[in-house]
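Input: a single structure, listed below in structure tokens.
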Amino acid sequence: MDGIRLLATQGGITDEIMVFPSTVKKAGEKDDPYSLAFAIPNNTPGLKFLSRETFDYGKNSYDHPLGSKFEEGDTIVAFDNVLVPWDRIFILEDSTICNRAFAETNAVVHMTHQVVAKDIAKTEFLLGVVLTLMDSIGIDGFQHVKDKGTEIMLTLENMKSHLFRAEHNAKLDQWGVMTPDFEALNAARNWYPRVYPRLAEILRILGASGMMGIPSYDDFNSEEIGPILHRAMQGKNVEGFERVQIFRLAWDLTMSAFGSRQTHYEYYFFGDPVKMGMAYFDQYDKEKYKDMVKDFLKREDIARPSAIGNKLNV
Ligand SMILES: Cc1cc2nc3c(=O)[nH]c(=O)nc-3n(C[C@H](O)[C@H](O)[C@H](O)COP(=O)(O)OP(=O)(O)OC[C@H]3O[C@@H](n4cnc5c(N)ncnc54)[C@H](O)[C@@H]3O)c2cc1C
């Protein structure tokens, strides 16, 4: 097998790579050559992982609280004459089986359940950082600051409601696997990429210059400037070393190379939100809402004015 897959998160640090089409194949036989799924060990001869530079700079966890621990890597995966053994192939050049696999295994439903649970945990953490930052510099009394906090809270509560509906309506599927309600999860996975960049933006707006005024651990450890910084960097409710620790966390969540990637990741990792949104529109059950409006308009029983003719042209 030859070819290149553009981006794989955690490529090269897992034991195996699984390759499968991420969308339903609609073009019939024309899609057959692109309908394949398999899993092989990462050290299979000819399989190459071209990793981007790391965003963990080997610094301590005060300087890079997130990047030093949670960098996950992204790679371009190249297949250079790779032999995929028959017993590792799930689907080969058959778009019908490929599409049935998506519909019948509920794989996307379970993937999305995990993603929405992650989104909630991430939003909880981000809200915690925003609230801690507000406390540290005493800005939570201002109207727009409260309102921005509320935006994050509403996002969190919305996502929790989606997850609750998904789990509350879960049913056993035809294989006996408890399967959440996809309607709720599908709405959540389409919505979150659109709001996450705004959550990161709120943290940046509230952090202001504090996001750049971030001396390092070594600076605080210096006999010469450490005590000056500790006093100069204080916030309303915290001392300098602790205030900078909070702002370094906020920076690493949204503005460092690690943080910027997080925002980019949340927007794109499940697919292009625009294309996903188009697919969402197409599959949405729209008729019942249009019928509701038709019924409403009919209820008044308004006769067409004779001046424009009694019969409809359409
Ligand atoms: C950090 C990160 C991690 C990722 N991890 C993984 C992973 O682990 N596994 C994996 O499989 N993928 C992964 N991806 C890839 C992800 O699925 C793609 O980025 C996503 O599907 C968008 O595709 P693309 O990057 O090729 O953008 P493109 O398709 O090149 O799109 C670029 C821009 O052009 C617009 N555009 C392109 N075509 C059209 C069109 N027909 N109509 C309208 N607009 C169009 C898009 O809206 C977008 O704004 C990751 C991406 C990122 C950023």
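In this chain, numbering begins with 1 at the start of the sequence shown. Note that ligands are numbered from 1 as they come in the structure, with each ligand's atoms numbered from 1 the same way.
- When the options R165, K160, E167 are evaluated for a side-chain contact (heavy atoms from CB on, under 4.5 Å) with L163, the one that passes is E167.
- Checked by atom type, the side-chain pair D252/S256 shows a donor-acceptor distance below 3.5 Å.
- When only modelled atom types and interatomic distance are considered, T9 and D74 share a side-chain donor-acceptor pair under 3.5 Å.
- Residue contacts with ligand 1: T9 is placed with a nitrogen or oxygen under 3.5 Å of a nitrogen or oxygen of the ligand (distance criterion only).
- Residue-level proximity to ligand 1 for Q10 is absent, since no heavy atom of it falls below 4.0 angstrom.
- Shown here for K146 and G141, the closest heavy-atom pair between the two residues is CE-O, 3.9 Å.
- Of the N and O atoms on the side chains of S136 and N237, not one donor lies less than 3.5 Å from an acceptor on the other residue.
- With respect to atom 26 (O) of ligand 1, the closest heavy atom belonging to the protein is L6 CD1, 4.9 Å.
- For the 3.5 Å distance criterion, the side chains of T132 and D135 fail to qualify, holding no donor opposite an acceptor.
- Looking at Y268 next to ligand 1, an N or O pair under 3.5 Å apart turns up.
- Of the candidates I17, T263, D272, the one placing a heavy atom closest to atom 20 (C) of ligand 1 is D272.
- Regarding atom 21 (O) of ligand 1, its nearest protein heavy-atom neighbour is G271 CA, 3.3 Å.
- Of the protein's heavy atoms, none falls inside 4.0 Å of atom 30 (O) of ligand 1.
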